[in-house]
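Just so you know, these numbers come straight off a predicted model, no measurement behind them.
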Amino acid sequence: MNAAHLSLAEHASRLRRRELTAVALVDACAQNHARTEPRLNAYKTWDGARARSAAEAVDTLLDQGMDLGPLMGLPVSVKDLYGVPGLPVFAGSDEALPEAWQAAGPLVARLQRQLGIVVGKTHTVEFAFGGLGVNAHWGTPWNPWSPREHRVPGGSSAGAGVSLVQGSALLALGTDTAGSVRVPASMTGQVGLKTTVGRWPLEGIVPLSSSLDTAGLLTRTVEDLAYAFAALDPESQGLPAPAPARLQGLRVGVPTNHFWDDIDPSIAAAVEAAIERLAQAGAQVVRLTLPHCEEAFDIFRRGGLAASELAAYLDLHFPHKVERLDPVVRDRVRWAEQVSSVKYLRRKSVLQRCGAGAAQVFNDVDVLLTPTVPASPPRLADIDTVESYAPANMKAMRNTAISNLFGWCALTMPVGLDTNRMPVGLHLMGPPRAEARLIGIALGIEALIGKGFEVLGAPDLS
């Protein structure tokens with residue numbers, strides 16, 4: 001098997017059998033970074049020297065028979081919202097945040113206790129407020145699937161998916177408030193998980209929305225996602241990684257409203273082909289109307305909860321930054337300042353009602369399947385004004401935002417390429433705290449249709 005296609009579990013096994021050293025693994029990631037980073041621009045901060053020193057320590061411990069956890073020795077990129085000791089946090093803004101933000105929160109601490117190796121901090125949209133991945137301060141990462149045109153990588157975890165395609169990391173930590181893990185995962189051909197609000201602690205992560213923020217993972221395959229989830233999820237400690245679900249008799253709900261509106265025909269075709277293969281494998285495909293989507297998304301279009309919560313956070317902690325924000329972020333923050341407390345609380349109440357009502361669908365189906373992103377990643381030149389950016393940004397998050405607004409868990413996995421030869425994602429949604437079940441279903445689908453590199457091939461990184 002091509003070493004680039006080895007799973008996290010296989011890398012971990014080879015490290016423990018001493019058939020592979022952590023230093024060799026980190027060196028390979030560093031070489032991939034050096035070869036492609038000037039063009040791809042995945043990282044705000046690359047920490048190669050410390051990563052190699054950490055790898056040397058890992059090898060010493062493994063030579064002595066010490067095993068500190070499943071992620072020991074595996075290279076990980078971390079979104080530049082997370083605190084990592086010794087690394088600055090910019091949160092996509094034009095200057096580093098106070099040093100206190102470098103403290104590791106529970107998720108990074110869990111990673112580091114296992115001696116997972118942080119190779120660097122990946123670019124994010126400023127304060128994570130955007131779905132396309134653009135950043136006026138530090139440049140927009142280049143989607144590796146578009147070698148000749150600068151297409152966006154998705155956001156707000158903009159550099160995360162790029163780092164995996166680049167081969168500079170084998171696992172990426174991101175955050176998801178309206179699709180910020182799943183949109184970049186879909187646009188770069190990776191797997192992305194959005195956890196349920198409250199399942200993973202958010203301390204040590206710069207906030208966007210106190211109501212909707214979630215931590216999440218990007219991986220190269222669902223198999224890798226299952227492995228990393230079991231290693232990092234507090235509720236899964238001591239439990240095996242999720243196992244593939246049986247597809248025969250699986251009740252698959254396919255909403256016919258909202259998610260397919262104004263969709264790129266080639267994206268629709270790729271997703272429908274995957275659904276048809278599920279039906280042929282014995283899944284029960286149920287076409288249905290998912291209630292409350294338009295009511296919830298109308299609130300999202302008007303700023304939702306995140307715009308008001310970010311405006312309040314900036315006003316309290318960084319008021320001097322507002323005038324210096326990326327224009328595509330600044331305009332929405334200014335607009336949110338006009339939203340009254342009564343209107344904000346009404347929105348919150350309506351979204352809670354919508355989520356509870358829509359969740360009744362899971363009495364009749366096991367999972368909901370839709371396209372992840374209904375449009376191909378746009379060229380950066382086509383969204384270079386606030387006026388052209390706004391509709392493209394809203395469309396990128398249209399499908400993913402629903403699970404955030406409803407309080408569900410969700411993931412995306414690659415199922416094909418569109419007419420621009422850009423990756424297409426299949427979106428799976430489940431009820432709150434059903435992550436393990438959702439990953440199991442995705443594992444079953446991956447066993448049927450193939451892993452990402454088998455489905456998509458390899459991008460041209462030359």
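Salt bridge Asp262/Arg398: absent, no basic N to carboxylate O contact under 4.0 Å. Between Lys321 and Glu126 there is no salt bridge, since none of the side-chain N atoms of the basic residue sits less than 4.0 Å from a carboxylate O of the acidic one. Between Arg148 and Asp460, none of the side-chain N atoms (NZ, or NE/NH1/NH2) sits under 4.0 Å from a carboxylate O, so this pair counts as no salt bridge.
Counting only distance, with no hydrogens or angles, the side chain of Asp326 and the backbone of Ala136 share a donor-acceptor pair below 3.5 Å. The backbone N or O of Gly425 sits less than 3.5 Å from a side-chain atom of Thr372, completing a donor-acceptor pair. Using a distance-only test at 3.5 Å, with no hydrogens or angles considered, a donor-acceptor pair links the side chain of Arg220 to the main chain of Leu6. A donor-acceptor pair under 3.5 Å is absent between the side-chain atoms of Thr122 and the main chain of Ala42, judged by distance alone. Here the side chain of Trp408 pairs no donor or acceptor atom with the backbone of Ile402 at under 3.5 angstrom. A donor-acceptor distance shorter than 3.5 angstrom exists from the side chain of Ser209 to the backbone of Leu212, with no hydrogens or angles considered. Checking side-chain atoms of Ser180 against main-chain N and O of Ser156 turns up a donor-acceptor pair under 3.5 Å. At distances below 3.5 Å, not a single donor-acceptor pair connects side-chain atoms of Asp366 with backbone N or O atoms of Arg437. Between the side chain of Glu223 and the backbone N or O of Leu443, no donor-acceptor pair lies under 3.5 Å. Using a distance-only test at 3.5 Å, with no hydrogens or angles considered, no donor-acceptor pair links the side chain of Asn143 to the main chain of Arg151.
Using a 3.5 Å distance cut-off with no hydrogens or angles, the side chains of Glu10 and Ser7 do pair a donor with an acceptor. No donor-acceptor contact under 3.5 angstrom links the side chains of Asn399 and Thr370, judged on distance only. Checked by atom type, the side-chain pair Gln166/His33 shows no donor-acceptor distance below 3.5 Å. Checking Ser376 against Asn420 by side-chain atom types alone, a donor-acceptor pair falls below 3.5 Å. Defined by atom type and a distance below 3.5 Å, a donor-acceptor pair is missing between the side-chain atoms of Tyr227 and Thr219. The closest side-chain donor-acceptor pair between Ser211 and Glu309 falls under 3.5 angstrom. Between the side chains of Thr221 and Lys451, no donor N or O sits under 3.5 Å from an acceptor N or O.
Taking the six-membered ring for Trp and thresholds of 30 and 60 degrees, Phe127 and Phe318 have ring planes inclined between 30 and 60 degrees apart. Note: Phe229 and Trp200 have parallel aromatic rings, judged against thresholds of 30 and 60 degrees for the angle between ring planes. In this pair, Phe453 and His5 present their aromatic rings parallel. The plane angle is below 30°, not in the 30 to 60° band.
None of Lys194, Arg182, Lys79 except one satisfies the salt bridge (charged side-chain N to carboxylate O under 4.0 Å, His left out) rule with Asp176; the exception is Arg182. For the ring-ring contact (aromatic ring centres under 6.0 Å, His included) criterion with His258, the lone passing option out of Phe406, Phe300, Phe297 is Phe297.
In this structure, the side chains of Glu454 and Glu446 stay at 4.5 Å or more apart for every pair of heavy atoms. Using a 4.5 Å heavy-atom threshold, the side chains of Asp364 and Val286 count as separate. Using a 4.5 Å heavy-atom threshold, the side chains of Asn257 and Cys293 count as touching. With contacts defined as side-chain heavy-atom distances shorter than 4.5 Å, the pair Ser403/His427 qualifies. Contact check for Arg287 versus Ile275: side-chain heavy atoms found under the 4.5 Å cut-off. Under the 4.5 Å side-chain criterion, counting only non-hydrogen atoms from C-beta, Val254 is not in contact with Leu288.
Within 6.0 Å of the CZ atom in Arg421, the count of heavy atoms belonging to other residues, nucleotides or ligands does not exceed 12. For Arg246, the CZ atom counts as loosely surrounded, since its 6.0 Å shell holds 12 or fewer non-hydrogen atoms of other residues, nucleotides or ligands.
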Evaluation steps, side chain to side chain contact (heavy atoms under 4.5 Å, CB included), between Leu428 and Ile441: CA-CA 9 Å; Leu428 287 68; Ile441 292 171; 4.0 Å; yes

Test side chain to side chain contact (heavy atoms under 4.5 Å, CB included) applied to Leu232 and Leu71, step by step: CA-CA 9 Å; Leu232 289 171; Leu71 300 179; 3.8 Å; yes

Derivation of the side chain to side chain contact (heavy atoms under 4.5 Å, CB included) call for Arg330 and Val333: CA-CA 5 Å; Arg330 184 184 62 231; Val333 168; 5.7 Å; no

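Judged as a side-chain hydrogen bond (donor to acceptor under 3.5 Å, both in side chains), and not counting sequence neighbours, the contacts of Tyr389 are Asn393.
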